Amino acid sequence: MGASPGVELDVDLSALNTFGLRARAARLVRLRSAEQLAAVIAEPAWASAPRLVLGGGSNVVLCGDFSGTVLKVEIRGRRLVREEAAAWIVEAAGGESWHDFVRWTLAQGWPGLENLSLIPGTVGAAPIQNIGAYGLELAERFEGLDALDLRSGARQSFGLQDCAFGYRDSVFKRNPGRWLVTAVRFRLPRPWQARLAYAELVHEVQAAGVSSPTALDISDAVCAIRRRKLPEPAEIGNVGSFFKNPVVDAAHGARLLAGHPAMPHYPQADGRVKLAAGWLIEQAGWKGRDLGAVGSFERQALVLVNRGGATGTDLMRLAQAIMADVEAGFGVRLEPEPVFV
Ligand code: EPU
């Protein structure tokens with residue numbers, strides 16, 4: 001049975017996921033416009049088989065071959081929607097590179113996303129896991145988004161409340177395969193104020209000798225920190241932080257601190273305590289250690305890396321070994337951050 005134009009069959013996905021896991025997809029469609037989806041949905045192969053929406057592939061673990069349709073979002077475009085007294089509203093299509101979009105907004109004179117510089121992936125994927133780094137979360141700059149409901153093909157708009165953003169979480173993450181994000185709008189407050197809440201970022205800016213940093217200075221500082229600590233996905237396969245930073249109740253946090261006074265910990269508004277998964281993994285002896293073709297990165301234990309030719313099974317085996325050791329040592333259950341397919 002022939003597929004309609006634009007559908008590629010039996011596609012190698014290893015270059016389409018930043019961990020570089022070897023896996024194949026039965027069908028792949030490069031979606032260049034929202035309108036294109038109607039033809040895909042009309043195909044008989046669509047209704048019965050699973051679907052996977054892929055952006056930059058930087059937050060996905062492919063555990064094996066995929067028997068359904070992969071929608072690779074390649075919709076492009078970015079614009080200033082409007083200028084308000086208290087904000088610039090800027091929009092980008094789902095297939096735009098996140099980092100290129102951030103740098104473009106800065107070049108245009110619309111600052112506000114600089115703390116999120118150099119995060120791999122696409123604009124459309126950014127709200128799925130509510131990307132966050134260096135003292136800022138996407139939700140704090142979010143205006144709205146447009147998505148396609150993959151069950152019906154209907155267009156749907158989401159406001160801030162509709163997205164139910166949490167720490168590395170959203171309604172989209174909890175309903176995988178349900179929506180495809182076509183465009184995201186950001187509210188960039190004016191006048192701009194530097195977000196310098198993260199100690200390492202403050203040090204980096206000071207070390208650069210800048211007294212009142214611009215948004216571009218902050219972006220450059222974030223890029224410098226990330227380049228120092230995190231592996232470049234094009235060189236060493238990885239999906240960024242592999243686990244979320246776990247949150248424990250106050251009593252558990254206090255017990256751990258009594259035994260490990262130097263343990264990094266971040267008290268939460270509700271009295272619970274967020275811990276640093278990277279620290280826990282390092283203490284459990286996994287930093288820089290390999291298991292088969294995968295390992296924990298030597299400069300940031302929270303990042304698991306592909307040492308060459310890894311499969312999803314290798315990665316899951318390592319993740320489970322780390323989780324077991326952290327649980328045995330600290331009574332903390334780590335939760336993976338990427339989406340498993
Ligand atoms: N730490 C260690 N050993 C390690 C790694 C970290 O002891 O191997 C300690 C650090 O010394 C520090 C603490 O753990 O005291 C936190 O480390 P870091 O500042 O590097 O940040 P993180 O909590 O490991 C989080 C995000 C990153 C984000 C950074 C900066 C999560 C899961 N990760 O990492 O996001 O870039 O903060 O804001 O929240 C991502 O989500 O993919 C990601 C890279």
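Side-chain atoms are counted along with the backbone in the values below, which use heavy atoms only and exclude waters and symmetry mates. What you see is a predicted model; the values in this text were computed from it and never measured. We count ligands from 1, going down the list as the structure has it; atoms in each ligand are counted the same way.
- In this structure, the protein non-hydrogen atom closest to atom 23 (O) of ligand 1 is Asn245 ND2, 2.8 Å.
- With a heavy-atom cut-off of 4.0 Å, Tyr266 touches ligand 1 through its side chain alone.
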Output, in order, the C-alpha distance, side-chain angles, deciding distance and verdict of salt bridge (Lys or Arg N to Asp or Glu O under 4.0 Å) for Arg307 and Asp290.
CA-CA 8 Å; Arg307 300 291 185 195; Asp290 291 352; 2.8 Å; yes
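- Taking the centre of each ring, Trp110 and Trp192 stay at or above the 6.0 Å mark.
- Aromatic rings from Phe186 and Phe101 are positioned such that their centres are separated by under 6.0 Å.
- When the heavy-atom distances from atom 42 (O) of ligand 1 to Ala133, Ser241, Gly278 are ranked, the shortest goes to Ser241.
- Checked against the 6.0 Å centroid threshold, His252 and Phe330 do not count as a close aromatic pair.
- For Phe243, the closest heavy-atom approach to ligand 1 falls below 4.0 Å.
- Protein heavy atoms all stay at least 4.0 Å away from atom 11 (O) of ligand 1.
- Heavy-atom contacts of Gly240 reach the following atoms of ligand 1: 42 (O) (cutoff under 4.0 Å).
- By the 3.5 Å distance cut-off applied to N or O atoms, Ala301 is counted among the residues near ligand 1.
- Checked against a 3.5 angstrom limit, the closest N/O atoms of Lys287 and ligand 1 fall inside it.
- Within the set Tyr167, Tyr134, Phe297, Tyr198, the minimum heavy-atom distance to atom 18 (P) of ligand 1 is found for Tyr198.
- Side-chain contact annotation: Asp146 with Ser157, donor-acceptor N/O pair under 3.5 Å present.
- If you check each of Arg168, Lys229, Arg226, Met263 against atom 20 (O) of ligand 1, the one with the closest non-hydrogen atom is Lys229.
- By the criterion of a heavy-atom distance under 4.0 Å, the side chain of Glu282, and not its backbone, is placed next to ligand 1.
- For atom 1 (N) of ligand 1, the nearest protein heavy atom (residue, atom name, distance) is Trp279 N, 3.7 Å.
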